[in-house]
Amino acid sequence: MKILTVDDQELVLLSLEKCLTDLGYEVITSSTIEDAIKMYDLTLPDLVIVDINMPLNASCSLEDNHKFSNNFSGLDIIHHIKVIKQQNIPVMILSGNIEEQIIKKGFELGAVDYLKKPISLGEIGARVKKVLGFDSICELDNRNAYIQNSVVGVVISCCNDEKNLLIDTYENFIKYNLGYHFCFVCDEGKDTTLQVLNNLRKGNESRISIYNCETTVGKAEAVRLGMLHLAKEQQFDYLGFLDIDLTTNLEDIKTLVAAIKNSNYKIVTGSRIRRVEAKMKKLNMDKNDNQCGIKIMTKEIVEKTFQKEFLAKSLLNVEIFIRMKKEYGMEKTKMYILEKP
C-alpha cells in the first residue's frame with residue numbers, strides 16, 4: 001500500500017518515511033504543494049498525510065487557481081483530492097496548528113483524521129493502520145520517538161573536546177526527539193574530536209552535521225559560522241546554540257522552544273540565576289545570566305546580528321545583545337528577549 005507524505009521540513013519527512021517503511025508501506029515523499037499534487041496524480045496513493053502550514057511557491061499554479069492562504073496552503077492538497085478530483089482517497093492531517101477554524105476546514109474538505117504534533121511514531125502507525133485497515137506484522141523499534149511541532153537547528157562548537165563529548169547523551173536525545181538537528185562546529189584542534197564526531201554522525205546523517213574549520217577561529221566565530229550554515233536551510237523554525245559540556249541539560253532546549261513558539265520573543269536565553277532568584281534578591285545581585293550557554297532564537301536574529309564577525313573571541317552572548325540594541329533600540333530589544341529558568 002502506498003502512502004504520500006507531504007511536509008516542507010526534511011526531518012519530519014525522513015521520520016515519517018522511516019516509520020511507515022518499517023511498518024511495510026511504500027512511502028512517497030514531497031516537500032512542496034506543487035510537487036505533492038503532481039505526485040498524487042502520478043501515483044494515486046492509498047493514503048495521504050499532509051501538513052497544513054506549508055509555504056506556497058510563487059510559481060505554483062493550482063488547477064483551479066485556488067489558494068486558501070500562504071500559511072495554510074496544505075489545505076489545497078485536500079481540496080485537489082476531494083473537490084477537484086472528487087476521489088475518496090483518505091487524507092490525514094499532521095500538524096502543530098491548533099486553530100479551530102483551520103482544523104474545521106480540513107475536516108469539511110474531507111480529512112479523516114487530525115494528528116497533532118508532537119506525536120509519537122507509535123501513535124502515527126496505529127492511526128494509519130486503522131484508516132487503511134492494514135494490520136502490519138512489522139513492529140516499530142522506535143515507537144516512543146516523537147515528531148515535534150517545531151524543527152530546530154542547534155549549533156555546538158568544539159575544540160579539543162574529545163573527552164567532553166557525551167556521545168550517549170546526544171544519541172539518546174536525537175533518537176527520541178525527531179525535530180532536532182545538531183551542527184557540531186569543529187574548531188581546529190590537536191585531538192581526535194573530528195573523528196569522534198564523524199563516528200557519532202554515522203547513521204544519524206539527517207540529524208547531525210559537522211562544520212569543520214580549517215583554522216582555529218575561536219568559540220564566538222565557530223558558533224557564528226555554524227548558525228549561518230544552518231540558516232541556509234528552510235526547514236528550521238528556530239536556531240540556537242549550546243555549550244558542548246552540557247552544563248545545561250539537552251531537555252532544556254525543549255523548554256526554550258516552547259517559550260519562544262507562538263510568542264513575540266525573538267530570542268530566549270537560559271538562565272541559571274533565575275532558578276535561585278529569591279537568593280539573588282537577598283544578596284542584591286544582578287539577575288542577568290548573559291553567559292548561560294543555551295539560547296534559542298528566530299532566523300531574523302541570525303540574519304540581523306550574525307552577518308559580521310564578532311569582535312570578542314568568547315563573549316558572543318553580550319555582543320548579540322549589543323547588536324540587537326543597535327538594530328531594534330533598547331526598548332524593543334528588552335521586549336524581544338526572554339530569560340527562561
With sequence neighbours excluded, what pairs up with [X] under the salt bridge (charged side-chain N to carboxylate O under 4.0 Å, His left out) test?
X      : result
Glu319 : Arg323
Asp35  : none
Arg143 : Glu139
Glu205 : none

If you apply the rule salt bridge (Lys or Arg N to Asp or Glu O under 4.0 Å), what do you find for Arg127 with Glu123, and how did you get there? CA-CA 6 Å; Arg127 293 206 189 194; Glu123 183 175 348; 2.7 Å; yes
Shared hydrophobic cluster for Leu14 and Val48 (ILVMFWY, side-chain gaps under 4.5 Å):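 Shared cluster, no.
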Hphob cluster co-occupancy, Ile253 + Ile167, side-chain heavy atoms under 4.5 angstrom: yes
Under the rule for side-chain contact (heavy atoms from CB on, under 4.5 Å), what residues qualify as partners of [X], not counting sequence neighbours?
X      : value
Leu11  : Val151, His181, Ser206, Arg207, Gln235
Cys158 : Asp161, Phe184, Thr193, Leu197, Ile244
Lys334 : Met330, Glu331
Thr333 : Met324, Lys325, Tyr328, Ile337

State, yes or no, whether a side-chain contact exists between Asp237 and Val152 at a heavy-atom distance under 4.5 Å. no
Heavy-atom neighbours of Leu166 CG exceed 12 at 6.0 Å: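 Correct, the count exceeds 12.
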Give a yes or no on whether Gln234 atom CD has more than 12 heavy-atom contacts from other residues, nucleotides or ligands under 6.0 Å away.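 No, CD of Gln234 has 12 or fewer neighbouring heavy atoms, counting only those of other groups under 6.0 Å.
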Using a strict 4.0 Å threshold on nitrogen-to-oxygen distance, state whether Lys219 and Asp243 make a salt bridge. yes
Any ion pair linking Lys2 and Asp46 (charged N to carboxylate O, less than 4.0 Å)? no
What distance do [X] atom [atom1] and [Y] atom [atom2] have between them, rounded to the nearest 0.5 Å?
X     : Y     : atom1 : atom2 : answer
Gln9  : Asp51 : CD    : CG    : 7.0 Å
Met92 : Ile3  : CE    : CD1   : 8.5 Å
Glu26 : Leu4  : CD    : CG    : 11.0 Å

Within residues 206-234 or reaching into it, pairs that qualify as ring-ring contact (aromatic ring centres under 6.0 Å, His included) - sequence neighbours excluded: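 Pairs touching residues 206-234 that pass the test: Tyr211-His229.
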Hey, can you pull the donor-acceptor pairs under 3.5 Å for the side chains in residues 302-312, sequence neighbours left out?
unit_1, atom_1, unit_2, atom_2, d
Thr305, OG1, Ile301, O, 2.6
Gln307, NE2, Glu303, O, 3.3

Could I get the full list of side-chain hydrogen bond (donor to acceptor under 3.5 Å, both in side chains) partners for Gln87, not counting sequence neighbours? Tyr40
Kindly write out the residues that satisfy ring-ring contact (aromatic ring centres under 6.0 Å, His included) with Tyr146, not counting sequence neighbours, or none if the list is empty. none
